[in-house]
Amino acid sequence: MRDVARYGMVIDLDRCTGCRGCMESCKIENNTPQGSYWMYVFRFEEGEFPGTKVRFLPRPCQHCDNAPCVKVCPVGARYKREDGLVATDWERCIGCRYCEVACPYGVNTFNWGHPEEHYYGDWNAEDVAPEVRGTVPAWDNPSLDLPYGPEQRHIAGGGHLKGVVDKCTFCVQRVEHDLDPACVQNCPVRALVFGDLDDPESEVSKILQRRPSFRLLEEAGTEPRVHYVGGAPPSAETKQIEPAKAEV
Amino acid sequence: MRVTRRTFLKGTGATGAALAASRLLRGPETLRAAEVAQPIVEDFVPTACWIGKQDCGILARRINGRVVSLYGNPSNPRNLGTLCPKGVAQIAALYDPHRVKAPLIRTNEKGVPGTWRQASWDEALELAGSKIRETLAKDPSLVVWQKGRSKSKYVYDEALVEALGCTKIGHGAFCSDAGYRALEYTLGPKGVLNPDLRYSKLILAWGWNAVAAGGNQLCWITWPRQLIEAKENGAKLVTIDPRIRGTAHFSDRWLPIRPGTDLALALALCHVLVKEGTIDRKYLRTYTNAPYLVGPDGHLVRRGEDFLVVDERTGTIVPAGTAGAVPALEGSSELDGATVRPAFQVFVEHIEGSTPAWAAEITGIAEDDIWQLGREIGETASIGSTIVVDGVELPYRPVGVMAYHAMQQELGFQAARAMTLMLMLIGAMGAVGGTLATTKWEIDDNYWALDAIEIGDGPYDPLLKSSRFFPINSGNPAVAATAILDPETYQVGKFPEVMIVHMANPVVSFPNTEVLKEAYRKLRFVVVISPWLSETADLFADVVLPAATMEKYEGPASASDTYLDAVMVRTPPMPPLYQSRGETDIYLQLTERIGVYEAFIEHLNEQLGLAGPHALDPKRRYSEREVFDHWAKQQGLEEGIGYFEQHGVWVKDPLPPTVRYGYATDPPFGGVIHRFYGDSLLRYQEQMREKGAPEVFWRDYTPLPTWRTLTMDTSPPEYDLYLISYKLIEHKQDRTAFIPLLSELSGGQRVDINPVTAAAKGISQGQMVWVESHNAVTGETRRVRAPANLTHAVRPDVVAMPHHFGLTSNPNSRDLGPSPNALFFTGPGYVGMTADASFHVKVRIEPEGG
């Protein structure tokens, strides 16, 4: 009998409205810098007027059981935890970006600049700094600086250092306190559900028992922990509209 | 300190590795986690979203008193612990380094970006107060309080305005007020059409973007959540909209309607219902004036005070309301030598020609689709059926319509009436699963007032209230601006002198923006109360008073999701930043300088219902917290405002069906007769003509909605496209584009254009294009440029632009592109019969560079 949960996520594509509230709550929760989105919601358009179809696909890190990114990390900064979370030790990462190349889902972001310069405002300005108590950004989350897991590595939050890679952590700093990842908690239509796939009573398990599901790029053999119900995977006809592409 | 791989590398002197490391390192501060010495105190305090319309409950997570993130408050029925991207990103607005940090006094001339000196609150309040006082003494109506959004209706819109005795203008003419007027006039409640989503089975998203926009009474988050639940319960969604985008995902069908033709479609649907015989006769006979007899002059006939009907039992004419009579809906009779017909008969003849084939020509929707929808409406309505809700048996007519901002079009008032008549034909207004207008079915004063307007001869006030131009008048600042700039044509006798601008940005948000700017030049003194230097402030404010964002007390406001009763008060998660203050505090101080403090306190007592021990003493000074504390105690909450500081929201009981559904109130529908036939509209038309009003103003004052060619369709053919505007979920009006978290998410302005149309014009994705609008009445043109965005989600003859841009004062929003409000017009043909703005215009597009 395992003590450790086997975490996974179920995303209901029938419910998602493409609001991108999850992208935003992830960003605030994890202090990711400008232009960097760990959770990403695709807005898709298919077909032609008047038969236009529009749909949405949230895509967090898939926290694969057979993660290509873990395989290629030369220094062991990217590793798979027992509970399934694929984590990045930002102290160990050397920024080689092999994980970025290896990942077929494109979930990795590289920190090109000093985070202080890429956090949306001049928090050090004379009249601003006292009001925000000298923190950068003003909403800096100190939970992200602490070590996590039995392994006690620095794996939470983004934008800590220039020159390292980061990605969705399934909000390890929240999950270890029995909270849902920020994206899951925030979704206004409960399209995202997180929990223990080994617990038959968990919401994720119950949904998967009840409804057919698919995973992205199953043929790649990555064994994602993210399952989708409703909707369908993107096809050759699917076009991305309204990409969230920031200029940094 | 711990020796880590990094510090080891830094110290080795091994060239390659050291260089790499020093390029990457920030230094020992990266290990600040290990060095965090002080204990961290974490807490969660309630507050409420300040950006949107429905005041979603927020729990602010604080670390040692510093707000670090905002989560939804699970207790708030509207958002149930979740937030839209704006609510989450609001944290950047709270801390925005570009907030106005102290009161500002202008040092240069107006009409150009301002140069300012920072002043003390004392000086700024004294200056603003003295100017307001001067003009109040002259004529209080020359002081105008202009709100965009008000989040403390009782305090600002009522108590403050009454204490000042000033003129009050809102933003409704740019929102959905044409719909409000139609519903108030026809049925009585103050709202526009919204579905009873819990029970609806056929939902029409009529110009409603279900995944990105507002809607009546509520907004994002609540409506989409309820819609999804309705769909999961088997409801069908039909979208009637020139542009579909997000709603597509949930729609069972899309009817891509030509802009501005909703009235024609509604009449055609009425035609189908009549032809198919799916008519709720009982409702029409019992609760409406549909059986009332109309004379040859088009007016309802009266005998003394009574309207008349034909009693089917006897075939004779009797007063309406005669006990036991069964009023006829069809046929004709003779009365005093004239032919009289029930209004319903007049209506049936009126829509004889409004066939689906006729409407197909006008709307661009296929004839068969209109027949199909009409039949589906008639069948789904289940006329005659009932359902038990919370122990009360009520009529069940599960056809719900959400139509809101779409009513701001040239024929808006009558289009809303036509849609309402369609729903009245099937008895769905106020029914379970049908269409409602307000959370509680209550009759607004306007039900009577809009039927009893006395049209004056002038001179008129700048809003042209009770004038021969706009007898029914939503109060449109752009109309006022137009009238001030052309006082002879509009017979304006008064010119506002002082403007207090509250959470509004008229020179960006109110089309046409050039007209607004010109009118603002004529004001003597402008006070802008805002957390940011809005464009209105930048160009025209004499004084800017910095308002707080969410760090203040505001309310009380409903937190109901329309099924559960709840009330909220916004409480601050931290003290106001910089020198900002909550507006209630500002007004408590400003009214003192003006000399109306005691009156303000007395009106606060009245509006907030404060009495006995909880009444405010006009002789005492209060903080805003104390005002709300008194209110909370008056509600019976022992902890006073502490209740809201702890919980954020006070959830009460489910709203009983006897307050939600018109059929269930006591008496039903508030005891008022539904104006199927708008007799007074005809009367107003006659008076307007008599007083010499030009046809453009009186032509739509007809007792039944009547289609006509739209003004914009008389623009020359080279203006071959319709421009419509829409909302992005990432933004709210003009108050978010400068929040970098949101503008990075949304990108800037774009012109949505159908790929087939784009190809024909040689326009490719992302290419900069000029959009030029044309005023068919004056010949004026206006143009802006933005990148093209090719999408199949719009009709080939439509282009669409979101609202939220055109902001130039805040460095974060300067490069996001223009607002479509620079393209829409105001004035004849571009405002409706009720002075409501039209967000439609014909445009042409050409690639930049030709």
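Every heavy atom of this structure was used, including side-chain atoms; hydrogens, water molecules and symmetry mates were not. Throughout, protein chains are lettered first and strands after them, A, B, ... in sequence-line order, and every chain is numbered starting at 1.
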With side chains defined as the heavy atoms from C-beta onward, is the minimum distance between B:Val794 and A:Phe49 less than 4.5 Å?
no

I'd like to verify something: which residue of B:His249, B:Glu42, B:Gln765 has the highest number of heavy-atom pairs under 4.5 Å with chain A?
B:His249

Please assess B:Arg61 against A:Ser143 for the test side chain to side chain donor-acceptor pair (under 3.5 Å), listing each intermediate value before the final yes or no.
CA-CA 12 Å; B:Arg61 176 178 180 233; A:Ser143 306; 2.7 Å; yes

Heavy-atom distance under 4.5 Å to chain B: side chain of A:Glu242, backbone, both or neither?
side chain

B:Pro97, B:Ala248, B:Ser69: which one forms the most heavy-atom pairs within less than 4.5 Å of chain A?
B:Pro97

Rounded to the nearest 0.5 Å, how far apart are OG1 of A:Thr17 and CZ of B:Phe250?
6.0 Å

Checked B:Lys86, B:Lys101, B:Arg245 vs chain A; the most non-hydrogen pairs under 4.5 Å come from B:Arg245

CD1 of B:Ile244 to CD of A:Glu45, rounded to nearest 0.5 Å, is 10.5 Å

Which atoms of A:Cys22 come close to chain B, meaning under 4.5 Å heavy atom to heavy atom: side chain ones, backbone ones, both, or neither?
neither

So which part of A:Leu13 gets closer than 4.5 Å to some heavy atom of chain B, the side chain, the backbone, both or neither?
backbone

What are the two closest heavy atoms between A:Phe56 and B:Gly246, and how far apart are they?
CZ-CA, 3.9 Å

Here the pair of heavy atoms bringing B:Pro256 nearest to A:Pro50 is CG-CB, 4.2 Å

Could you tell me if the side chain of B:Glu744 sits less than 4.5 Å from the side chain of A:Ser36, heavy atoms only?
no

State, with a plain yes or no, whether a side-chain heavy atom of A:Asn186 is found less than 4.5 Å away from one of B:Val88.
yes

Between B:Arg66 and A:Ala138, the two heavy atoms sitting closest are NH1-O, 2.8 Å

Output for pair (B:Arg750 CZ, A:Ile241 CD1), nearest 0.5 Å, gives 10.0 Å

Please round to the nearest 0.5 Å and tell me the distance separating atom CD of B:Gln118 and atom CG of A:Asp127.
8.0 Å

Greatest number of heavy atom pairs closer than 4.5 Å to chain B - which of A:Val132, A:Thr135, A:Asp122:
A:Thr135

For each of A:Arg190, A:Arg20, A:Arg15, tally heavy-atom pairs with chain B at distances under 4.5 Å, and name the one with the top tally.
A:Arg15

As an exercise, state the distance from OH of A:Tyr120 to CD1 of B:Ile739, rounded to the nearest 0.5 Å.
12.5 Å

Atom OH of B:Tyr578: over 12 foreign heavy atoms under 6.0 Å
yes

With heavy-atom distances below 4.5 Å as the criterion, would you say the side chains of A:Trp139 and B:Leu94 are in contact?
no

Does any backbone or side-chain atom of B:Ala212 lie under 4.5 Å from a heavy atom of chain A? Answer side chain, backbone, both or neither.
neither

Can you give me the closest heavy-atom contact between A:Trp123 and B:Tyr95, atom names plus distance?
CZ3-O, 3.1 Å

Non-hydrogen atoms of chain B under 4.5 Å away: do they reach the side chain of A:Cys19, the backbone, both or neither?
both

I need the residue from B:Leu741, B:Asn754, B:Val756 with the largest number of non-hydrogen atom pairs under 4.5 Å to chain A.
B:Leu741

Minimum-distance pair of heavy atoms, taken over all atoms of B:Leu745 and A:Met23
CD1-CE, 3.7 Å

Heavy-atom pairs under 4.5 Å with chain B are the metric here; pick the option from A:Arg55, A:Arg43, A:Glu46 that has the most.
A:Arg43

Is the number of heavy atoms from other residues, nucleotides or ligands under 6.0 Å of A:Glu126 CD greater than 12?
no

Using non-hydrogen atoms only, which part of B:Ile221 is less than 4.5 Å away from chain A: side chain, backbone, both, or neither?
side chain

Interchain contact, A:Gln185 with chain B, by part (heavy-atom threshold 4.5 Å):
both

Starting at CD of B:Gln90, measure out to CD1 of A:Ile28 and round the result to the nearest 0.5 Å.
11.0 Å

Only pairs of heavy atoms separated by less than 4.5 Å count here; which of B:Leu742, B:Asn812, B:Thr791 has the most with chain A?
B:Thr791

Selection from B:Ile228, B:Leu728, B:Leu255 maximising heavy-atom pairs under 4.5 Å formed with chain A
B:Ile228

